[in-house]
Amino acid sequence: MNQLEIGPKSKEALSWMVISEVLAQSGLDLDVAVLHPGGGQYDTLSLVTFDGHPVVQINRNGVNALAGNNLVENIFSIAAKSPGMAGRAIVRSLDIDSSVPLSANRKRRIELSTQIGNFLALNLGKGSFCEWAWNDSTYGTGPNPNVQAFPLPDSWKVGKGLFKDTNWESGIFLLFHKDSPFAAINLQNGEIINFKGARLVNLIGTQELHRLPKCHVGSEMTWNNSEGHLIFQDETHVACVRMTRRIYSEEYYTMPVEKPIFEFSCDEEEAVNKWNSAERILDLNI
């Protein structure tokens, strides 16, 4: 299959969605890190052992993933249609026991990875991005200076690092809207704070499937007229739902019936187009 081009913001959101699916499907009880192997050539959202060994690497500077030593090709075009399908492709390549009982730590990582993926997907056109609070690359390791933009609780700063030879910052991810701090997420204790330091119950609402939070790529939106006849029905990317709701509600004066979807029914090429179109939409505050 030809490799389909997909935008960098879409890749970032999808990488988190796929990581959440791998954690949910595989039984791997590993932590999340951002690594830059190959002399900085790669930007990988990874699942890593305490000793720093990457077991899963999703390369956001390319189109593939590594599952152990196995290459999983075209991971983003698969994920654009179905993050769950992309997660299954990685888990199959790992060839490991996926029947491991769900630990509290793994469930927390699934929940937070899902929330980050959904947040980035919802805000594709707003310049939102996520940074690891610990830098790990050939250019050096240590705390990310951007962590200072957040008034983190003192209780976050006394824990150990998630990985060998790291500090407490390695358990934290930072969300930004353009260049403005938005929220900090602590993968060790599950806490979230906003840019003012206030605790948040959730970063963003999530849908559950089989009692686990699951990333949704969009909504099936249905409009009927006053007589109950179908006027419009389509699968809309999550970043475009508010705009689509407003456009059609103004025309038909009805509120749509919306059902979250976890994969698109279209083929991969059209799914990639949906993501790229959503990424190009500017924030119009609608």
Side-chain angles (χ1 to χ4, degrees), residues 6-17 19-20 32-36 40 43-45 58 60-61 109 111-137 139-157 162 167-206 213 215-218 237-243 245-246 275-286:
I6 193 165
K9 294 300 181 186
S10 296
K11 284 183 178 180
E12 184 181 18
L14 286 167
S15 67
W16 281 99
M17 291 186 168
I19 282 293
S20 72
V32 184
V34 178
L35 306 180
H36 301 91
D43 170 40
T44 69
L45 189 67
I58 302 172
R60 301 182 293 199
N61 281 347
R109 295 182 196 115
E111 168 67 33
L112 294 175
S113 297
T114 300
Q115 289 201 39
I116 292 172
N118 281 343
F119 175 87
L120 293 172
L122 178 66
N123 295 291
L124 270 187
K126 299 181 180 179
S128 301
F129 60 95
C130 182
E131 288 189 352
W132 195 23
W134 181 265
N135 288 326
D136 188 295
S137 72
Y139 302 105
T141 62
N144 182 339
N146 286 335
V147 75
Q148 299 175 18
F150 295 85
L152 301 181
D154 290 338
S155 59
W156 288 22
K157 303 175 184 179
L162 288 183
N167 299 333
W168 56 267
E169 290 94 342
S170 64
I172 296 171
F173 283 86
L174 312 172
L175 285 170
F176 295 84
H177 270 327
K178 297 181 180 177
D179 294 325
S180 300
F182 182 81
I185 301 99
N186 190 323
L187 265 66
Q188 287 187 297
N189 60 21
E191 294 178 351
I192 305 171
I193 64 161
N194 67 11
F195 66 98
K196 294 182 178 180
R199 297 286 174 88
L200 302 177
V201 175
N202 289 300
L203 175 67
I204 191 171
T206 59
C215 290
H216 58 284
V217 293
H237 188 280
V238 61
C240 304
V241 167
R242 291 178 65 192
M243 180 178 66
R245 185 192 302 135
R246 177 174 177 177
W275 280 86
N276 286 338
S277 295
E279 187 167 331
R280 289 191 295 267
I281 292 176
L282 299 175
D283 180 11
L284 302 176
N285 296 315
I286 57 176

Go through it in stages, so that I can follow the logic: the residues are Leu35 and Thr44, the test is side chain to side chain contact (heavy atoms under 4.5 Å, CB included), and I'd like the CA-CA distance, side-chain angles, deciding distance and then a yes or no.
CA-CA 5 Å; Leu35 306 180; Thr44 69; 3.5 Å; yes
Could you tell me the separation between the OG atom of Ser113 and the CG atom of Leu187, rounded to the nearest 0.5 Å?
6.0 Å
Closest heavy-atom contact between Lys178 and Phe129?
O-CE2, 2.6 Å
Non-hydrogen side-chain atoms of Ser180 and Phe195 separated by less than 4.5 Å
no
Considering all heavy atoms of both residues, which atom of Ile6 and which atom of Leu14 are nearest to each other, and what is their separation?
CD1-CD1, 3.6 Å
What one should report as the nearest heavy-atom pair of Glu111 and Pro213 is OE1-CG, 3.2 Å
Assess the residue pair Leu200 and Ile193 against the criterion (side chain to side chain contact (heavy atoms under 4.5 Å, CB included)); give the C-alpha distance rounded to whole Å, side-chain angles, the decisive distance to 0.1 Å, and a yes or no.
CA-CA 5 Å; Leu200 302 177; Ile193 64 161; 6.0 Å; no
Considering all heavy atoms, the nearest Cys130-Leu175 contact:
CB-CD2, 3.6 Å
Can you find a pair of side-chain heavy atoms, one from Gln148 and one from Pro143, that are under 4.5 Å apart?
no
Has the side chain of Glu279 got a donor or acceptor atom that lies under 3.5 Å from a matching backbone atom of Ser10?
yes
Can you sort out the partners of Glu169 under salt bridge (charged side-chain N to carboxylate O under 4.0 Å, His left out), two or more places apart, ordered by chain and number?
none
Is it the case that the ring center of Phe119 lies less than 6.0 angstrom away from the ring center of His177?
yes
For Phe150, all residues meeting ring pair (Phe, Tyr, Trp, His ring centres under 6.0 Å), sequence neighbours excluded:
Phe176
Measure the spacing between CD1 of Ile172 and NZ of Lys157 and express it to the nearest 0.5 Å.
9.0 Å
State, to 0.1 Å, how close Ser128 and Asn123 come at their nearest heavy-atom pair, and which atoms those are.
OG-CB, 3.4 Å
Quick one, Trp275 and Leu124 - any side-chain contact, counting heavy atoms below 4.5 Å?
yes
Separation of Trp16 CH2 from Leu120 CG (nearest 0.5 Å)
8.5 Å
For Val34, side-chain contact (heavy atoms from CB on, under 4.5 Å) partners two or more places apart:
His36, Asp43, Leu45, Arg60, Trp132, Phe173
Could you state the interatomic distance from CG (Asn118) to SG (Cys215), rounded to the nearest 0.5 Å?
4.5 Å
Sorted by chain and residue number, the side-chain contact (heavy atoms from CB on, under 4.5 Å) partners of Ser277 (sequence neighbours excluded) come out as Arg280
Would you please test His237 and Val217 for side chain to side chain contact (heavy atoms under 4.5 Å, CB included) and show each step?
CA-CA 6 Å; His237 188 280; Val217 293; 5.6 Å; no
Interatomic spacing from OG in Ser170 to CG in Asn135 - rounded to 0.5 Å:
11.5 Å
For a quick test of reading the model, state the closest non-hydrogen atom pair linking Trp156 to Ile192 and the distance between them.
CZ2-N, 4.3 Å
Can you list every salt bridge (Lys or Arg N to Asp or Glu O under 4.0 Å) pair that touches residues 112-121, not counting sequence neighbours?
none
Inter- and intrachain pairs under salt bridge (Lys or Arg N to Asp or Glu O under 4.0 Å), touching residues 183-192, at least two apart:
Glu191-Arg199
Mind checking the CE-NE2 spacing from Met17 to His216? Nearest 0.5 Å is all I need.
7.5 Å
Could you check whether any side-chain N or O of Asn194 sits under 3.5 Å from a backbone N or O of Ala198, counting only pairs where one atom can act as donor and the other as acceptor?
yes
